[in-house]
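Excluded from the calculations below are hydrogen atoms, water molecules and symmetry mates; all remaining heavy atoms, backbone and side chain alike, are included. The chains referred to below are lettered A, B, ... by the order of the sequence lines, with proteins before strands, and numbering in each begins at 1.
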2 protein chains.
Amino acid sequence: MSVNPDDDGSDRAAPEISGAEHAVMEALWQRSPLTAQEVCEEVCGPRGWSLATVKTLLSRLVVKQAVETEPDGKRFLYSPLMERSDYVGTESRRLVDRLFGGRAAPLFAHLAQSEALTEDDIVEIEALLKELKS
Amino acid sequence: MSVNPDDDGSDRAAPEISGAEHAVMEALWQRSPLTAQEVCEEVCGPRGWSLATVKTLLSRLVVKQAVETEPDGKRFLYSPLMERSDYVGTESRRLVDRLFGGRAAPLFAHLAQSEALTEDDIVEIEALLKELKS
DNA sequence: CTCCACCGTCTACACACGTAATCGACTACG
DNA sequence: CGTAGTCGATTACGTGTGTAGACGGTGGAG
């Protein structure tokens, strides 16, 4: 890893992924590598995009070093470079920081109050809590 | 309430508040009504903004109907029109939907794994859980 | 060998955002 | 009564984003 001498060592703080780009990332996180065509098959329908749009988003993501390309004959295969868990992590943290002063409990309280918690959620969380305490 | 005949009745799905605008909203949620000057005193320092910037943000928020103005002599007093809890709610929901398929448990699991949960958080959440089950 | 289909790249363009200077009105001080 | 300061409104401008068409190369069908 880190074979690339261009890498300036600054641990480039997770490139910012925009909303539309995120949809593309999700497709790649689900299955990869994919061609632009295949990504489009995943996301163009739901979002009403054209293939051209997906191509643009993919290039932007390549520039941001969020996905990498691998030549396959005359076309490219795209794979995520960023881990989904990293993305999810920074996004969650950002929200908790901005809205709940960095504390997770108020977020939880809010979800509870707004009835965003299902029975299953509660059971699952209880299990997690038990595990945390061990 | 709802004195305004311009109101078309469509329950305008919570105006989108941008990052910079959010900082202004926080100031107003903390204390209101405030003059532009006062808002600036709250946020200009930390964010390195000029008064002009705050004024722009306030106008935009007024247009978005996220804050309202009340004349006070020659200037305006600004107050939030949107409830903070509503904002927090939609933002949280948006995140949970986008990143965790709408389920709160995975979010919680993620926070737990990434050590974003303090001892206090855990205790608090346990208490909340107990309350939920009653 | 030619030509078409398809690929990635380049270019485009409107709108949102962050950030701020400038302007016209008004008030308060001198 | 004029002038300086202050206020909101208007205008500005670079960048990011959503969305997509146009362009140039090339491999495969005929």
Side-chain angles (χ1 to χ4, degrees), chain A residues 12-28 32-79 81 87 90-91 94 98, chain B residues 12-28 32-79 87 91 94 98:
Chain A
R12 66 178 61 279
E16 306 239 323
I17 303 302
S18 80
E21 288 161 357
H22 173 237
V24 169
M25 290 304 291
E26 284 294 343
L28 292 174
S32 75
L34 292 183
T35 66
Q37 196 67 250
E38 289 167 331
V39 171
C40 186
E41 274 154 28
E42 290 296 320
V43 302
C44 283
R47 319 267 302 203
W49 288 342
S50 76
L51 174 60
T53 300
V54 171
K55 287 183 187 175
T56 301
L57 294 173
L58 280 169
S59 333
R60 288 182 182 166
L61 285 168
V62 168
V63 170
K64 293 185 185 183
Q65 301 186 47
V67 319
E68 69 182 338
T69 55
E70 162 196 359
D72 170 53
K74 81 171 188 165
R75 62 220 163 130
F76 280 160
L77 296 182
Y78 298 86
S79 311
L81 254 184
Y87 176 73
T90 48
E91 288 304 303
R94 187 199 311 286
R98 279 194 354 144
Chain B
R12 74 176 53 281
E16 306 238 322
I17 305 302
S18 80
E21 287 162 358
H22 173 237
V24 170
M25 290 303 290
E26 285 294 343
L28 292 174
S32 75
L34 293 182
T35 66
Q37 195 68 249
E38 290 167 330
V39 172
C40 186
E41 275 154 27
E42 290 294 322
V43 301
C44 284
R47 319 265 304 203
W49 287 342
S50 79
L51 173 60
T53 300
V54 171
K55 286 182 185 176
T56 301
L57 294 173
L58 280 169
S59 331
R60 287 183 182 166
L61 286 168
V62 169
V63 170
K64 293 185 185 181
Q65 299 184 48
V67 320
E68 70 182 338
T69 56
E70 162 195 2
D72 170 53
K74 82 167 186 167
R75 61 221 165 122
F76 280 158
L77 295 181
Y78 298 85
S79 311
Y87 176 72
E91 288 304 304
R94 187 198 311 287
R98 278 193 357 143

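Between A:K64 and A:E21, at least one side-chain N (NZ, or NE/NH1/NH2) sits under 4.0 Å from a carboxylate O, which counts as a salt bridge.
Across B:E70 and B:P33, no two heavy atoms sit closer than the pair OE1-CG, 4.3 Å. Across A:C44 and A:V54, no two heavy atoms sit closer than the pair SG-CG2, 3.5 Å. Counting all heavy atoms, side chain and backbone alike, A:P15 lies closest to A:A66 at CG-CB, 4.4 Å. Closest approach of A:I17 and A:M25 over heavy atoms only: CG2-CG, 4.3 Å.
Here the side chains of A:W49 and A:C40 are not in contact, with every heavy-atom distance at 4.5 Å or above. Between A:L28 and A:L61 there is no side-chain heavy-atom pair separated by less than 4.5 Å. At a threshold of 4.5 Å between non-hydrogen side-chain atoms, the residues A:Y78 and A:T35 do not count as touching. Within the 4.5 Å cutoff, no side-chain heavy atoms of B:L77 are placed close to those of B:L34.
Following rounding to the nearest Å, A:R75 (CZ) and C:dT9 (P) show an atom-to-atom distance of 15 Å. If you measure from atom CG of A:L34 to atom P of C:dG8, you get 12 Å, rounded to the nearest angstrom.
In the helix from C:dC1-D:dG30 to C:dG30-D:dC1, the rotation axis of the first five pairs and that of the last five pairs differ in direction by 20°, rounded to 10 degrees.
Atom CZ of B:R75 has 12 or fewer neighbouring heavy atoms from other residues, nucleotides or ligands inside a 6.0 Å radius.
Once you apply a 4.0 Å limit to the heavy atoms of chain B, the touched nucleotides of DNA chain D run 5' to 3' over D:dG5 to D:dA12.
A:T56 pairs by the side-chain contact (heavy atoms from CB on, under 4.5 Å) definition with A:R60, not counting sequence neighbours. By the side-chain hydrogen bond (donor to acceptor under 3.5 Å, both in side chains) test, B:E91 pairs with B:R94, sequence neighbours left out.
We find the CZ-OH distance between A:R98 and B:Y87 to be 4.0 Å, quoted to the nearest 0.5 Å.
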Nucleotide N/O of nucleotides 18-20 of chain C paired with protein N/O under 3.5 Å:
residue	atom	partner	partner atom	Å
C:dG18	OP1	B:G19	N	3.4
C:dG18	OP1	B:A20	N	3.2
C:dG18	OP2	B:S18	OG	2.4
C:dG18	N7	B:R60	NH1	2.9
C:dG18	O6	B:R60	NH2	3.1
C:dT19	OP2	B:W49	NE1	2.5
C:dT19	O4	B:R60	NH2	3.0
C:dA20	OP2	B:S50	N	3.3
C:dA20	OP2	B:T53	OG1	2.9
C:dA20	N7	B:T56	OG1	3.1
C:dA20	N6	B:T56	OG1	2.6

Identify each atom pair where a protein N or O and an N or O of nucleotides 1-6 of chain C are less than 3.5 Å apart, giving names and distance.
residue	atom	partner	partner atom	Å
C:dC6	O2	A:K74	NZ	2.9

